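Data block below; observations after.
Predicted model, so just to flag it, every value in this text is computed and none were measured. Residue numbers run from 1 in the order of the sequence given.
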Amino acid sequence: MPSPEPNPVVDNVLRELNYSWKGLGRTTPPAANLLERLGAELRLHRTRFVKRARMQQRRLSKAVVAPVVAWPREMLLSPLPDDIFVGKRVALVGNAASLRETSFGAEIDAHDLVVRMNVGYPLLVRKDVPQADIPPGFLAGTFVDRRSSGAERHHALRPDTPAEVAQALTHAGAVGRRTDIWSCSTSDRSRQLFFAPLFDCTTVACHPQVEHLSLRLLLGRKVCRLPSGVCFDLRRTRGIEPTSGLIWIEHLRRSGCTALSLYGFDFFATGHINRTTTTTLEAQGKWPHDPVAERDHVTALLATDARILLRQPPDAGAQPVRRAAE
């Protein structure tokens, strides 16, 4: 009978079981020398203390600092008029990568009002277009997205770029060009200041937390805000931290609009239309949203509200989802 080969895993387990040593997450056995063991123990306690201190600092910042910082910003915000959507056909344009596979642009622009989300500026140059191929006369600027894990660069064309140039360099054929309301829900102040002049339309902060808004943005242009009740209702009823897209969907369905068409919403199944890397929060495992819960919420709305239409690419597996009774 052949002799068993050494098993280093079992040997390591048995060796660590012999140590009367406390401490989770240790990847190497404790040092045999007493001074080294004391040093390791002190480093472990220091790490735990720093983590707890940072946690308490974040909690204190949210409870005390954030309201103080938010107060002057709240004074500079205006409520979005209650009747702006009444009787209107509204297109809400998200940033799902699957929207690239469509030709919904003209359909989106034909609505009475078009609401676009976050970094969804319709004249961002496609990632497959080399910078050398962008006519300098139509380039509005280049934005470095520090909230993406790859610090991606986005080249933006001027709003008056001719249709043939926009069609060749951007996703305008899929996303359209018209924007009546820009949802500025990003916490990146550099992004707020870069895109606001390009959109040059009604700017709305949809999230009730406003301490992240740039004072330069608020002092330089009128910024409206959505009622905070929508976000709080979603937190209470769904038990989630809603995305800005879901907040808008819920607000618009309560707004008195006659039709609400959703474009570029696939609940993060295909990634972002302009980004190729994840957000920094996703990379750190701190992304707070729940795509499955949001999909279930919207699916329930589609089944009960005949005004809401979810527009998807033809190969998404089904026709546009509408109320079954229609």
Please say which of V223, L213, L218, V210 ends up in a side chain to side chain contact (heavy atoms under 4.5 Å, CB included) with L76. L218
State whether E211 and R73 are salt-bridged, where the test is any N-O pair (Lys NZ or Arg NE/NH1/NH2 against Asp/Glu carboxylate O) under 4.0 Å. no
Donor-acceptor pair between T270 and D266 side chains, under 3.5 angstrom: yes
Taking C-beta and beyond as the side chain, do L226 and W248 meet within less than 4.5 Å on heavy atoms? yes
Lys/Arg-Asp/Glu bridge criterion (N-O < 4.0 Å) met for D180, R178: yes
Using side-chain heavy atoms (C-beta onward) and a distance below 4.5 Å, is P242 in contact with R235? yes
Does either side chain, that of H155 or that of T142, offer a donor lying less than 3.5 Å from an acceptor on the other one? yes
Ignoring hydrogens and angles, state whether a donor on the side chain of R89 or T258 is under 3.5 Å from an acceptor on the partner side chain. no
Least distance between heavy atoms, T243 atom then H289 atom: CG2-CG, 3.4 Å
Closest heavy-atom pair and its distance - A97, H272: CB-O, 3.7 Å
So, for Q209 and H212, which heavy atoms are closest and what is the spacing to 0.1 Å? O-CE1, 2.8 Å
Taking all atoms of both residues into account, what is the closest heavy-atom pair of L123 and A172, and its distance? CD2-CB, 4.4 Å
R216 side chain to L193 backbone, donor-acceptor under 3.5 Å: no
For F104, the rest of its hydrophobic cluster, which grows through side-chain links under 4.5 angstrom: V93, L99, I108, V114, V175, Y263, I273
Should we say atom CG of D82 is surrounded by more than 12 heavy atoms from elsewhere, each under 6.0 Å from it? no
Can you classify the ring geometry of F199 versus W182 as parallel (below 30°), tilted (30 to 60°) or perpendicular (above 60°)? parallel
Same cluster (ILVMFWY, side-chain, under 4.5 Å), F85 and L246: yes
Are L139 and V119 co-members of a hydrophobic cluster defined by side-chain heavy atoms under 4.5 Å apart? yes
Answer yes or no: is there an ion pair linking R254 with E250, defined by an N-O contact shorter than 4.0 Å? yes
Could you check R146, R147, R275, K127 and say which one makes a salt bridge (charged side-chain N to carboxylate O under 4.0 Å, His left out) with E152? K127
Do L252 and V204 belong together in a cluster built from hydrophobic side chains that touch within less than 4.5 Å? yes
Main chain of G120, side chain of N118: is a donor-acceptor contact present, judged purely on distance under 3.5 Å? no
Do any N or O atoms from the side chain of T161 and from the backbone of L157 form a donor-acceptor pair under 3.5 angstrom? no
Spatial distance of atom CZ (R46) from atom CZ (R43) [nearest 0.5 Å]: 10.5 Å
Give a yes or no on whether I181 and I249 share a hydrophobic cluster (residues Ile, Leu, Val, Met, Phe, Trp, Tyr; joining criterion: side-chain heavy atoms under 4.5 Å apart). yes
Determine whether the side chains of R238 and H297 contain a donor N or O and an acceptor N or O closer than 3.5 Å. yes
Main-chain N/O of G176 paired with D109 side-chain donor or acceptor, under 3.5 Å: no
Between R191 and D145, does any side-chain N to carboxylate O distance fall below 4.0 Å? yes
Rounded to the nearest 0.5 Å, the CZ atom of F138 sits from the OG1 atom of T170 at a distance of 12.5 Å
Intermediate values then yes/no, side chain to side chain contact (heavy atoms under 4.5 Å, CB included), E101 and H171: CA-CA 9 Å; E101 311 306 319; H171 298 295; over 6 Å; no
Taking atom types as modelled, find out whether T278 and S149 have a side-chain donor-acceptor pair closer than 3.5 angstrom. yes
Might you work through the side chain to side chain contact (heavy atoms under 4.5 Å, CB included) test for L92 and M117, ending with a clear yes or no? CA-CA 8 Å; L92 180 64; M117 308 299 303; 3.7 Å; yes
Applying a strict under-4.5 Å side-chain criterion to I, L, V, M, F, W and Y, I'd like to know whether L80 and V230 cluster together. yes
Answer with yes or no whether the side chains of Q312 and S98 bring together a donor and an acceptor at under 3.5 Å. no
Please enumerate all residues that pass salt bridge (Lys or Arg N to Asp or Glu O under 4.0 Å) together with R225, with sequence neighbours excluded. none
